[in-house]
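Have a look at the structure below, then the notes.
Computed over heavy atoms, backbone and side chain alike; hydrogens, waters and symmetry mates excluded. A, B, ... follow the sequence lines: proteins, then strands. Residue 1 opens every chain.
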Amino acid sequence: MVSKRLMPQMPMSADTPPARSDARPVVTRFAPSPTGYLHIGGGRTALFNWLYARGRGGRFLLRIEDTDRERSTPEATAAILRGLTWLGLDWDGEVVSQFERRDRHAEVAHQMLARGTAYKCYSTQEEIAAFRTAEEAAGRYPVFLSPWRDADPSTHPDAPFSIRMKAPRSGETVIEDRVQGRVVIRNETLDDMIVLRSDGTPTYMLAVVVDDHDMGVTHVIRGDDHLNNAARQQMVYDAMGWEIPVWAHIPLIHGPDGKKLSKRHGATGVEEYQAMGYPAAGMRNYLTRLGWAKGDAEIFTSAEAMQMFDLDGIGRAPARLDFKKLENTCGHHMAMADDAALLHELIAYMAASGRTPLTPAQSVLMQKALPFLKKSAKTFPEFLEKASFIMVSRPIRADEQSAASLDTVSRGILKSLTPRLQSASWTKEALEPILTQAAAENGLGFGKLAAPLRAAIAGKSVTPSVYDMMLVIGQDETVARLKDASD
RNA sequence: GGCCCGUUCGUCUAUCGGUUAGGACACCAGGUUUUCAACCUGGGAAGAGGGGUUCGACUCCCCUACGGGCUGCCA
């Protein structure tokens, strides 16, 4: 697994990402709304923003879009933060709450009013709803044109009003998108969107623009469900005379059947993947390659990804999730992982999945076993399965399949083996001749001897190499386990 | 309904007018082997359909089909 790296190794550590010198420092952001867990698609969007900023010495900001008070919850915010943290996507500065910036949003809405790029609209929600219903019934496309757009202020009633943006009625708005290319939207298909609700709270369309501007966001990398919104948001930038950021609208992730990823496809939340035991580094690699490519690069570290990542490599079509490839990618990362870091992540996984923590003694054995265990596991459950010879304690109960290999003949061989192991020096070089000889004496291939050894040492028929296990658990424990099995 | 976006092996993709259409995962066959995995070798596998443009189209244009998104005083 280790040898399969397709990218040339780049001499850098994850802590010192490459810094490219661009004219202005790059600022990206991830701006989820806290209405649930962190969706895997959101995780990928965050990852792209993170890679882009970090690869250019820029800043990656996090803003929670919690202006919808009905649906936003602190639990959801916490879940999103946990998800990002697990994925290893660290953000710069404080988490910004959009809701807390509502006064600033209202201020901008009133500035637009003063500039004449917005107006007070006294149409009630009932009137608008009635209009829509009527239009749809008549088979028309309901673009609500407020009668208050050009009304004389002296005719304004003393009633609640919303503030609507005075959008251009003709011409077209052009979005220069780094992923989608040049997208042209005819202005007549867009209505005068509300920027400030009649209760004085800002709408999303206004809030994003104001926040992105105030936070100095230079590159907006987000899902392409916002592509159409970009046109309206661009109007706000224009209305305020602000510089339009670089747009990059990335396609959404689909399920294996090509439909939008939803619950029925299985895991949609980042934390579910954590619970399934995928290592974060592998997850990052897989997600980076999902809908993005740089030549034939497949397996790479995050530092390498930062170096390579660019907006041009993002595909225009939605990509489907492929668990087999995810696993394979994770397997490479397990094998590549630093032992200490991997042990740390393993312990975190065990805690998160409610397993009994390692005892100090097990922890010591685990550290000895890590170098070979990590080479053959793709996920933490698989890793733990292979490490079960460490977790068991004597007397070891052989499972049904391995017990079958402990027949009378085999037990006899094990019995004859113990004195020899007892006096052996405990290295693979010394052990190898002893075991092969024991097999030969009984007219067996080593394979036939390995099975009862596995049963005795691990109680299973599928285990790591018998030598590896013996070296990890040590001489006394090995002998004791063999005795247990042969008595 | 309208508008916008998309469509290369089963999947992720490379190609940026001229390639035997390349790689990876998955799959199949063989090898190695101490079980699983890993590893090695080989194999099958693709330009949605139809029109153009061009000496030449996967690449450019149009139409159709299919998929997706938006069309809220949600984000």
Side-chain angles (χ1 to χ4, degrees), chain A residues 1-4 6 31-35 65-68 70-72 98 121 123-125 128-129 132 136 139-144 160 162-164 175 177 179-181 183-186 188-191 193-199 201-205 207-208 223-229 231-232 249 251-252 254 256 258-260 286 289-299 312-313 315-329 331 335 375-378 382 385-386 401-402 405 435 439 445-451 453-454 460-467:
Chain A
M1 263 205 163
V2 216
S3 63
K4 201 70 171 292
L6 298 174
S33 44
T35 54
E65 311 227 311
D66 51 359
T67 52
D68 183 343
E70 302 282 303
R71 299 195 301 157
S72 300
Q98 189 159 67
C121 172
S123 296
T124 66
Q125 295 186 54
I128 298 167
R132 286 219 171 87
E136 272 166 33
R140 281 190 293 268
Y141 175 58
V143 175
F144 179 72
S162 59
I163 296 182
R164 300 188 98 106
I175 300 155
D177 193 280
V179 174
Q180 307 289 339
V183 179
V184 181
I185 313 267
R186 291 203 322 278
E188 67 227 39
T189 66
L190 270 21
D191 59 4
M193 64 173 175
I194 289 177
V195 291
L196 204 70
R197 301 187 185 100
S198 50
D199 65 359
T201 61
T203 60
Y204 163 77
M205 290 293 179
V208 241
D224 69 4
D225 47 336
H226 287 293
L227 182 57
N228 286 275
N229 291 339
R232 320 175 96 107
H249 289 91
L252 270 22
H254 283 187
K259 302 285 185 188
K260 191 183 172 188
Y286 176 72
R289 261 300 270 114
L290 188 62
W292 173 86
K294 184 84 166 182
D296 288 338
E298 294 282 354
I299 303 298
D312 303 328
R316 269 85 42 206
R320 307 180 191 200
L321 226 39
D322 180 352
F323 283 84
K324 283 285 175 51
K325 186 151 187 175
L326 203 210
E327 273 188 22
N328 181 279
T329 304
K375 286 181 193 158
S376 62
K378 300 189 186 76
E382 189 183 349
E385 174 68 20
K386 303 210 175 206
Q401 208 186 341
S402 65
S405 61
L435 294 191
F446 181 65
K448 291 285 183 196
L449 177 58
L453 280 170
R454 282 178 220 291
K460 294 183 173 211
S461 49
V462 176
T463 74
S465 145
V466 293
Y467 294 110

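Across B/U34, B/U11, B/U13, the shortest atom-to-atom separation from the side chain of A/Ala293 is found for B/U13. In the set B/G23, B/G6, B/C73, B/C73 carries the atom at the smallest distance from any side-chain atom of A/Ile128. The listed nucleotides are B/A26, B/G69, B/C74; the one nearest the side chain of A/Asn328 is B/A26. The nucleotide whose nearest atom lies closest to any side-chain atom of A/Val462 is, among B/U34, B/U35, B/C25, B/U35. Across B/G68, B/A75, B/U71, the shortest atom-to-atom separation from the side chain of A/His254 is found for B/G68. The side chain of A/Lys325 sits closest to B/C25 out of B/G67, B/C70, B/C25. The listed nucleotides are B/A37, B/C70, B/C12; the one nearest the side chain of A/Asp225 is B/C70. Considering only side-chain atoms of A/Asp322, the nucleotide from B/U11, B/U35, B/A75 that sits closest is B/U11. Considering only the side chain of A/Ala319, B/U13 comes nearest among B/U13, B/A37, B/C3.
Across all strands shown, B/G47 has no partner, as no Watson-Crick or G-U wobble contact with both distances under 3.5 Å is found. Under the Watson-Crick or G-U wobble criterion, with both distances below 3.5 Å, B/U54 has no partner in any strand shown. Across all strands shown, the partner of B/C39 is B/G31, judged by Watson-Crick or G-U wobble contacts whose two distances both fall under 3.5 Å. Across all strands shown, B/C3 forms a Watson-Crick or G-U wobble pair with B/G69, both key distances being under 3.5 Å. Taking a pair to require two hydrogen-bonding distances under 3.5 Å in either a Watson-Crick or a G-U wobble arrangement, B/U15 remains unpaired.
In this structure, the separation between CG on A/Leu449 and CZ on A/Arg454 is 10.0 Å, given to the nearest 0.5 Å. The distance from the CG atom of A/Leu196 to the OG1 atom of A/Thr203 is 7.5 Å, given to the nearest 0.5 Å.
Across all strands shown, A/His249 has no heavy atoms under 4.0 Å from either base or sugar-phosphate atoms. Residue contacts shown for A/Val183 are limited to sugar-phosphate atoms, with no base heavy atom under 4.0 Å away. Among the atoms of the strands shown, only primed sugar atoms or phosphate atoms (P, OP1, OP2) are found under 4.0 Å from some heavy atom of A/Leu227. Residue contacts for A/Arg320: at a heavy-atom cut-off of 4.0 Å it reaches the sugar-phosphate backbone alone, with no base atom in range. No engagement by A/Met193 is indicated, since no non-hydrogen atom pair under 4.0 Å with the nucleic acid exists. Residue-level contact check: A/Gly223 touches neither bases nor backbone, having no heavy atom under 4.0 Å from any strand. Looking at heavy-atom distances under 4.0 Å, A/Val143 makes no contact with the nucleic acid at all. Among the atoms of the strands shown, base atoms are found under 4.0 Å from some heavy atom of A/Ser123. Looking at heavy-atom distances under 4.0 Å, A/Arg132 makes contact with sugar-phosphate atoms alone, never a base. Among the protein residues, A/Thr201 comes within range of no part of the nucleic acid, since none of its heavy atoms lies under 4.0 Å from any strand. Contacts of A/Pro32 with the nucleic acid, taken as non-hydrogen atoms under 4.0 Å apart, are absent. Here A/Gln125 lies in heavy-atom contact (under 4.0 Å) with a base. Counting any heavy atom pair closer than 4.0 Å across all strands shown, A/Arg316 reaches sugar-phosphate atoms only and no base atom.
The backbone N or O of A/His249 sits less than 3.5 Å from a side-chain atom of A/Gln180, completing a donor-acceptor pair. Using a distance-only test at 3.5 Å, with no hydrogens or angles considered, no donor-acceptor pair links the side chain of A/Thr35 to the main chain of A/Arg71. Remark: the backbone N or O of A/Asp322 is paired with a side-chain donor or acceptor of A/Tyr286 at under 3.5 angstrom. Side chain of A/Arg289 to main chain of A/Ala297: a donor-acceptor pair is present (N/O by atom type, distance under 3.5 Å, no hydrogens or angles). Looking at A/Arg197, its side chain does come within 3.5 Å of a backbone N or O of A/Pro202 through a donor-acceptor pair.
A/Phe144 is listed as a side-chain neighbour of A/Ser123, based on a closest heavy-atom distance under 4.5 Å.
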Practice task
Do nucleotides 42-50 of chain B as a string where each nucleotide becomes B, S or -: B if the base has a protein heavy atom under 4.0 Å, S if just the sugar-phosphate does, - if no protein is that close.
Solution key: ---------
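Taking atom P on both B/G2 and B/U8, the two are 26 Å apart, rounded to the nearest angstrom. Taking atom C1' on both B/C58 and B/A14, the two are 12 Å apart, rounded to the nearest angstrom. Comparing the C1' positions of B/A46 and B/G51 gives an interatomic distance of 22 Å, to the nearest angstrom. With both ends at atom C1', the span from B/C62 to B/U41 equals 48 Å, rounded to whole Å. For the P atoms, the distance from B/A37 to B/U71 is 49 Å, rounded to whole Å. Distance check on atom C1': B/C39 versus B/A75 gives 49 Å, rounded to whole Å. A gap of 23 Å separates the C1' atoms of B/U54 and B/A48, to the nearest Å.
A/Tyr286 has its OH atom 12 Å from the P atom of B/U11, to the nearest Å. The interatomic distance linking A/Asn228 (CG) with B/G2 (P) rounds to 15 Å, in whole Å. Distance NZ (A/Lys375) to P (B/A38): 15 Å, rounded to an integer number of Å. Rounded to a whole Å, the NE2 atom of A/His226 is 15 Å from the P atom of B/C74. Distance A/Asp224 CG to B/C3 C1': 14 Å, rounded to the nearest Å. Nucleotide B/U13 holds its P atom 15 Å from the CD1 atom of A/Ile299, rounded to whole Å. Counting to the nearest Å, the P atom of B/C4 and the CG atom of A/Asn229 are 15 Å from each other. Between the CD atom of A/Glu298 and the P atom of B/A24 there is a distance of 8 Å, given to the nearest Å.
When all heavy atoms of A/Pro318 and A/Leu252 are compared, the pair lying nearest together is CB-O, 3.2 Å. Minimum interatomic distance between A/Phe446 and A/Leu435 (heavy atoms only, all atoms of both residues): CE1-CB, 3.7 Å.
Sequence order on RNA chain B of the closest nucleotides to A/Thr463 and A/Ile194 puts A/Thr463 first from the 5' end. Between A/Gly447 and A/Ile185, the residue whose closest nucleotide on RNA chain B is further toward the 5' end is A/Ile185.
OP1 and OP2 of B/U13 both lie 4.0 Å or more from every side-chain N or O belonging to A/Lys294. Taking side-chain N and O atoms only, A/Thr67 has a distance below 4.0 Å to OP1 or OP2 of B/A75.
Remark: the A/Ser198 side chain and the B/C73 base include a donor-acceptor N/O pair separated by less than 3.5 Å. A donor-acceptor contact under 3.5 Å is formed by the side chain of A/Asp296 with the base of B/G22.
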Exercise for the section: Decide side-chain contact (heavy atoms from CB on, under 4.5 Å) for A/Val143 and A/Thr189; before the verdict, give the C-alpha distance in whole Å, the side-chain angles of both, and the deciding distance to 0.1 Å. Expected result: CA-CA 7 Å; A/Val143 175; A/Thr189 66; 6.0 Å; no
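A/Gln401 CD: 12 or fewer foreign heavy atoms inside a 6.0 Å radius.
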